Each structure stands twice: as structure tokens, then as C-alpha cells.
Chemist: 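Dropping the structure in here first, questions after.
Numbers restart at 1 for each chain; the letters A, B, ... are given by sequence-line order, proteins then strands. Values reported hereafter were calculated over all heavy atoms of this structure, with side chains retained and with hydrogens, waters and symmetry mates removed. Note that the structure is predicted; figures quoted are calculated from it, not measured.
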Protein chains: 2
Amino acid sequence: MELRIDGPQRSDAQRNRERILKVALVELSHSADAPLSAIAKKAGVGQGTFYRNFPNREALILEVYGHEVQQLTDAAAELLRTKAPDQALCEWMDSLARFAVAKVGLADAMRQTIGTSTASAQPGYAPVVAAIEALLVANHEAGTIRPDVTADDFILAIAGIWQIDVNGDWQSQAARLRDLVMDGLRTGAPGRD
Amino acid sequence: MELRIDGPQRSDAQRNRERILKVALVELSHSADAPLSAIAKKAGVGQGTFYRNFPNREALILEVYGHEVQQLTDAAAELLRTKAPDQALCEWMDSLARFAVAKVGLADAMRQTIGTSTASAQPGYAPVVAAIEALLVANHEAGTIRPDVTADDFILAIAGIWQIDVNGDWQSQAARLRDLVMDGLRTGAPGRD
DNA sequence: CGGACTAGCGGACTACTGTCCACTACTTGG
DNA sequence: CCAAGTAGTGGACAGTAGTCCGCTAGTCCG
């Protein structure tokens, strides 16, 4: 039986899903690589129920951090309202880096997610892409970055963010990556002609 | 018992290691996610022996492709001899992209390896870092790229290479990433003053 | 209310990774 | 050549991801 895509769920199913998410947040905060089976057990559901809701660890993590992701995408909109487009893009990359470092286990999930053709299918990932696209469009209109950059290009260019080690001076590493990418993006921008 | 680091191995140990590598090459070519236990079995060694030689899948893959990695690092030296430094760097990134796409499973291994603090400890990875450093040094001397870029920065900047999907038009994706990174690297180069 | 329909459940099961340790057999000194 | 010591073996074992399917119990229609 397939999970219903969006139609009304049975009441118990809805409860189960939420219970899993609640338990997962606690368990994953406690230890990023908590066994999924343990989460299922603590949530009081069987393996089958668990995996029908979250086909793999990445899917779970993306949903668990869904709220924080929301804040991140909101931040993009806010930055666009209050700052120059290129400044907004630059600062958003900083937020993203902080996010990547702060949410233990999320970076691994992102590494898995990016580049798979099913990436955009991941709920919780699509909003991020949308935020990136908004940032890029604003910059294109302002002529602050090269015209041919797509969201995919950008995601690939900042893939390194998900590789940064929390130990070590991640701040400067992230800043250097950000500067490099920004300079690359700015090269060939029509606004500079 | 620890595996001897470099001293003379017992003759049978040497044979085992080579047999594993030979079998692994065949099996991994056949299917990139062949079970390690199956490789051990086909090589006629126990799990213990297998894992003492290759602590995890990534280590095995890195060694299996060791020969090809050698060619890649050789190519860097050759390019440096025959081309302008920035041209060499650019073309080497192309080689790297082709490499990433061609060797199924290698990209996954690299994603795992990069960013771990033990990265340079991986035999078979260190030569790549050395090659990158050589390319960067040549460019620094020629003043063709910004002076502050380290090998780590570069590796982070091209992390996207290991995310590129073999399906889809990886060629143009790689080219766009390469151009973006190259432009980023060139920005602020002293030679441009 | 009650029965039929089926979405959804849950846990047994398979497959794989990686660890551990009692044993085997290569080596070396006498 | 033999014996002692130990490098190295190998497979049993433990733990986890993910699948499968018979059963349970919400839901809905009469």
C-alpha cells in the first residue's frame, strides 16, 4: 500500500507521524546517529509504519529540521526586502553555513540529498531551492551576478558548505568559500560593464 | 593486533591484500555497491582480514582506484609542464570531473572522505592533495589566482564535483562549476593589478 | 448500528557493515 | 630442524537499515 500523497489521512496515521517526529527530534538531538529502529520503538510504532512515513534517515532529518528550514527560507525573503541583492545573497550564505554547522547530522543528510535526481521531490528541500531561486532572480535583475547562473549551479558551487568540519575554524573556512563563490558569481555581471 | 604500518608483512598477508584488491576491482566494476562481505568471501578471506586491510568501503575504493588516481596526479604535473598555470588548473579540473563521473562509487567515497579530519590520512588521497597544492603554487607564483587560496579552500570550492549526477548533462554542469570557480579564483589575483 | 472495505499497522525477516577474539601458521633464534 | 612467540586469520556475532505481508482497526455507506 502506498502512502497517500496528500489526501486526508486516517486520524491514527496522522498521530503516528507526529509522534515519530516528536521522538525523532529528541533522539536525534541527543545523538545524531540514533538508530531509526530505536526511534520507531520509542514512538511506539512498527518499522513498517516508520519507513512508510520516512523512507530513509535523510527524509526524517529534513522533516525534523523542517521548522528551522522554514526560518532559513524566511530569512532569504527578509534579506531581499532590506538589503541590496548581492548583499542579501552573501549574508544568506552565512546563515546557511551557520545552519549547516549547527544542525548536527543535517549536513550528512544534505550531502545525500543534493545531486540525486529526486532531490526536489524531498519535502523540506524544495523550499530551500525556491529561496535560492528568489535570491538569484533578484541579483539577475539588479545585474549584480553573471546572468547564466541557475539555482542548480549555485547549489553545486556551495556544496562545500556541507563538507565543512564543525571542529576546526569553520567560520573562516565558510567565509573563504563564500567570498570565492561570490567573486565567481560577480564575474561577468552585466551591472559591472 | 594492529596492522603493521609499513614494515615487511608476512608473505601470506601480502598475498591476501592483493587478492582482495583484485577481486574488489572486478566486483565493484560489476556493481558499485557490491557487499563487502561478498568481496571478502570471493577473495577467500574472512571478514576480519578484510576489515583489517580496508576499514571501510571508502578505503577500499580509494585503493582500488589507486592506479587511476596516480594517472590523475601525473596529469597535473604534465599539465604544469606544458601549459600556463591557470590553463593547467582549468584543464585539470576537467580531468577531475571526468574522473568523478567515470568511476562509479568513487564520488560517494570522496564525499565521505573530504572534510573528515582524517582525510589526509587516507592513503590514495594524499597524492591528490599534493597535486592540487602543486597546481596552486604554480598559479600563485605566476600571480594568476588570488594569493590566499589554500588546497583546502580549493577542495571545498570544487566539492560540487562529487555531487554531479552521471545522468543528465554532467558535462555542462561540470563546465559551469569549473568556470565559476576559476573566475572566483582569478578575482584579486596580483597578476591582474 | 453493523458490516464490508481497505488504509494503515507492526514486527518478523533479510541483508549488510563492522567488531571481537580464539586459533592458525609464518617466522626466527637457537 | 625444532620450538616458541606472535602476526595475521576467519568466522561467529552484534547492531542497523530497509522490506514484506498477514492482520487490525478506522471509516463509510446502508
Chemist: May I ask you to say whether A/R57 pairs ionically with A/D108, meaning some side-chain N is under 4.0 Å from a carboxylate O?
Modeler: no
Chemist: Yes or no on side chain to side chain contact (heavy atoms under 4.5 Å, CB included) for A/D165 and A/W170, after CA distance, side-chain angles and deciding distance?
Modeler: CA-CA 6 Å; A/D165 194 9; A/W170 62 268; over 6 Å; no
Chemist: Taking CD1 from A/I39 and C1' from D/dG15, how many angstroms apart are they, rounded to a whole number?
Modeler: 15 Å
Chemist: Indicate whether any N or O donor in one side chain lies under 3.5 Å from an N or O acceptor in the other, for B/T144 and B/N139.
Modeler: yes
Chemist: What about B/V26 and B/L60, same hydrophobic cluster or not, with Ile/Leu/Val/Met/Phe/Trp/Tyr joined at side-chain heavy-atom distances under 4.5 Å?
Modeler: no
Chemist: Atom NZ of B/K41 and atom C1' of C/dT17: how far apart are they, to the nearest Å?
Modeler: 16 Å
Chemist: Would you call A/E78-A/R81 a salt bridge at under 4.0 Å N-O?
Modeler: yes
Chemist: Between atom CG in B/N53 and atom P in C/dT17, what is the gap in whole Å?
Modeler: 16 Å
Chemist: How many Å lie between CZ on B/F54 and P on C/dT17, as a whole number?
Modeler: 15 Å
Chemist: For residues 149-158 of chain A, which residue pairs qualify under salt bridge (charged side-chain N to carboxylate O under 4.0 Å, His left out), counting only residues two or more places apart or in two chains?
Modeler: A/D153-B/R176
Chemist: What's the angle between the local helix axes at either end of the helix from C/dC1-D/dG30 to C/dG30-D/dC1, using five pairs per end and rounding to 10 degrees?
Modeler: 0°
Chemist: If hydrophobic clusters are built by linking Ile, Leu, Val, Met, Phe, Trp and Tyr wherever their side-chain heavy atoms come under 4.5 Å apart, do B/L135 and B/V137 end up in the same one?
Modeler: no
Chemist: Provide, to the nearest angstrom, the distance between the CZ atom belonging to B/R15 and the C1' atom belonging to C/dA25.
Modeler: 11 Å
Chemist: In this structure, how many angstroms lie between the P atom of C/dA12 and the CZ atom of A/F50, rounded?
Modeler: 18 Å
Chemist: Calculate the interatomic distance between B/N16 atom CG and C/dC26 atom C1'; express it in whole Å.
Modeler: 12 Å
Chemist: Would B/D74 and B/Q70 count as having a side-chain donor-acceptor pair, cut-off 3.5 Å?
Modeler: yes
Chemist: What does nucleotides 16-21 of chain D look like as a protein-contact string, B for base, S for sugar-phosphate only, - for none, at under 4.0 angstrom between heavy atoms?
Modeler: SSBBB-
